[in-house]
There are 2 protein chains.
Amino acid sequence: MSLPHAILTALLEKPSSGLELTRRFDKSIGYFWSATHQQIYRELGKLEAEGLIRALPAEQPARGQRKSYEVLPAGRAELARWTAAAQDPKPMRDTLLLRLRAAAVVGTAGIEADLRRHLELHERQLAEYREIEKRDFPPGRDSPQDRLHHLILRAGIDLETFWTQWLAHALQEFTALPAGGPAPGVTDGEASNGGAGTTPPR
Amino acid sequence: MSLPHAILTALLEKPSSGLELTRRFDKSIGYFWSATHQQIYRELGKLEAEGLIRALPAEQPARGQRKSYEVLPAGRAELARWTAAAQDPKPMRDTLLLRLRAAAVVGTAGIEADLRRHLELHERQLAEYREIEKRDFPPGRDSPQDRLHHLILRAGIDLETFWTQWLAHALQEFTALPAGGPAPGVTDGEASNGGAGTTPPR
DNA sequence: GTCCACATGTAACTGGTTACATGATTGG
DNA sequence: CCAATCATGTAACCAGTTACATGTGGAC
């Protein structure tokens with residue numbers, strides 16, 4: 001139940017149309033809560049039906065016509081309630097770690113290139129965050145809003161820093177590893193054909 | 001499409017029944033790819049239908065009777081293919097950061113307690129990881145499998161370290177912040193009732 | 001024999017993803 | 001007036017979640 005609240009936040013920061021929201025979800029809020037335009041339109045419909053937001057007046061006969069929304073008092077109240085409510089952190093889900101675990105069983109062949117690619121992606125993201133920090137948070141400005149936004153950005157920066165460092169370390173480790181084939185030292189009873197492509201992918 | 005591969009990995013490490021898998025997904029693999037027993041049974045069914053795994057023989061008339069599975073060559077091949085295939089990292093989704101962003105608009109009242117709680121949870125997880133490291137990775141042992149597993153655990157440790165540090169920093173920042181009410185300096189045109197509870201939660 | 005823990009499973013729902021459809025506006 | 005682009009929307013699907021149902025075997 002987070003998307004509606006992400007939208008409420010975005011709309012409070014600035015009333016917008018569906019497409020404007022979509023664009024803003026490509027950066028800023030989207031850095032930690034992404035959404036596609038289909039999700040956003042669907043959710044805008046629900047929020048309007050529930051009376052948490054309303055379309056800004058300006059006679060719109062629907063399709064092709066831009067429609068902007070603003071948050072109603074009830075929407076602001078709901079957002080405040082949600083923000084203050086206790087929520088458990090979700091258990092993390094990371095495919096890359098899963099793939100490494102799999103590689104320990106079926107062999108590391110092929111995965112190294114993708115680690116390198118991920119490292120590059122994270123480095124790029126980190127650079128982008130640092131750029132934003134330099135641009136939007138020069139020393140001196142520190143209203144409560146600034147401090148909170150900076151704090152959030154810091155989380156992004158530190159996370160990307162973690163990933164780049166860990167991936168660099170992982171790649172280093174890989175060069176020390178024997179080879180790429182099916183993991184030596186691991187055998188299974190009868191089903192051992194070495195992992196060649198016997199079957200079409202699912 | 002990661003759950004089936006998580007299961008294949010787990011089954012290659014050790015053939016198991018559905019419930020055994022469920023238990024193993026509460027730790028180990030579950031630390032970075034969690035799953036409930038319903039998901040697991042459903043997926044075991046699919047994997048068997050596709051010929052990637054098979055039930056170990058021992059006449060089982062279904063319900064209430066434990067049924068163990070092992071991976072077939074085709075399953076191992078599919079896992080190797082998936083492991084080596086390039087995959088983009090998923091954009092991250094974090095509710096806590098979203099809530100902070102919302103707090104910058106509707107006020108920080110109430111959120112501090114939950115930050116403190118999260119900090120405690122992450123500290124506990126970190127301690128658990130360190131415990132595992134001490135137990136399972138004493139200096140000296142370093143087969144390729146050990147190195148990979150240790151590398152994965154390291155990711156967990158470093159991630160939890162990041163969260164604990166960031167949360168501690170955030171809480172420090174909070175004590176310096178003015179107060180808890182609706183964010184000062186932010187006003188919106190007409191819909192400003194201060195965020196009091198006008199409406200029942202959705 | 002009854003109760004409880006173990007083990008497998010079904011059904012309904014929610015949120016996110018992918019593919020596609022349709023109308024309006026604008027530049028050439 | 002036609003193509004490209006902007007803008008809103010529908011439909012089908014898939015993965016994960018929640019709640020519940022059913023059978024087995026052992027402890028008492």
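The analysis underlying the following values was restricted to heavy atoms, covering all of them including side chains, and did not include hydrogens, waters or symmetry mates.
Annotation: proximity of residues 91-102 of chain B to DNA chain C (heavy atom, distance under 4.0 Å) is found for B:Arg93, numbered in ascending order. DNA chain D lies under 4.0 Å from at least one heavy atom of each of the following residues of residues 19-33 of chain A: A:Leu19, A:Arg23.
Heavy-atom nearest nucleotides on DNA chain C were determined for B:Ser17 and for A:Ser2, and the one closer to the 5' end corresponds to B:Ser17.
For A:Gln38, counting side-chain heavy atoms from C-beta on, the closest listed nucleotide (C:dG16, D:dG9, C:dG9) is D:dG9. Each of C:dT8, C:dG16, C:dG15 was ranked by its minimum atom distance to the side chain of A:Leu3; first place goes to C:dG16. Comparing D:dA7, D:dT17, C:dT17 by their nearest atom to the side chain of B:Thr36 picks out D:dT17.
Residues passing the side chain to side chain contact (heavy atoms under 4.5 Å, CB included) test with B:Ser34 are A:Pro91, A:Arg93, sequence neighbours excluded. The ring pair (Phe, Tyr, Trp, His ring centres under 6.0 Å) test applied to B:His150 returns B:Phe137, not counting sequence neighbours.
To the nearest angstrom, P of C:dA7 lies 14 Å from CG of B:Leu44. For B:Ile40 and D:dA15, the CD1 to C1' distance is 14 Å, given to the nearest whole Å. Taking atom OH on B:Tyr69 and atom C1' on C:dT8, their separation rounds to 9 Å, with Å as the unit. The separation between B:His37 atom NE2 and C:dA7 atom P is 12 Å, rounded to whole Å. Atoms CD (B:Glu43) and P (D:dC14) sit 12 Å apart, rounded to a whole Å. Computed from coordinates, the A:Met1 CE to C:dG16 P distance equals 10 Å when rounded to whole Å.
Within the structure, a side-chain polar atom (N or O) of A:Gln39 is placed less than 4.0 Å from OP1 or OP2 of C:dT17. A close approach under 4.0 Å does not occur between any side-chain nitrogen or oxygen of B:Lys90 and OP1 or OP2 of C:dG16. Note on B:Tyr41: every side-chain N or O is 4.0 Å or more away from OP1 and OP2 of C:dG9.
Using a 30° and 60° split on the angle between ring planes, B:Trp82 and B:His5 fall in the parallel class, below 30°.
Using modelled atom types, no side-chain atom of A:Arg23 and backbone atom of A:Gly18 make a donor-acceptor pair closer than 3.5 Å. In this structure, the side chain of B:Gln145 engages the main chain of A:Ala104 through a donor-acceptor pair within 3.5 Å. With hydrogens and angles disregarded, no donor-acceptor distance shorter than 3.5 Å links the side chain of B:Glu48 to the backbone of B:Gly45. In this structure, A:Glu13 contributes its side chain and A:Ala10 its backbone to no donor-acceptor pair below 3.5 Å. At distances below 3.5 Å, at least one donor-acceptor pair connects side-chain atoms of A:Arg24 with backbone N or O atoms of A:Lys14.
No N or O donor and acceptor, one from the side chain of A:Arg42 and one from the base of C:dT14, sit under 3.5 Å apart.
Summarising the local packing, CZ of B:Arg130 is surrounded by 12 or fewer heavy atoms from other residues, nucleotides or ligands at distances under 6.0 Å.
Screening residues 102-122 of chain A for ring pair (Phe, Tyr, Trp, His ring centres under 6.0 Å), with sequence neighbours left out, gives A:His122-A:Trp163.
Over its length, the helix from C:dG1-D:dC28 to C:dG28-D:dC1 turns its helix axis by 10°, as judged from the five terminal pairs at each end, rounded to 10°.
Between B:Leu96 and B:Arg99 there is a side-chain heavy-atom pair separated by less than 4.5 Å. Annotation: side chain of A:Phe162 is not in contact with side chain of A:Leu167 (no heavy-atom distance under 4.5 Å).
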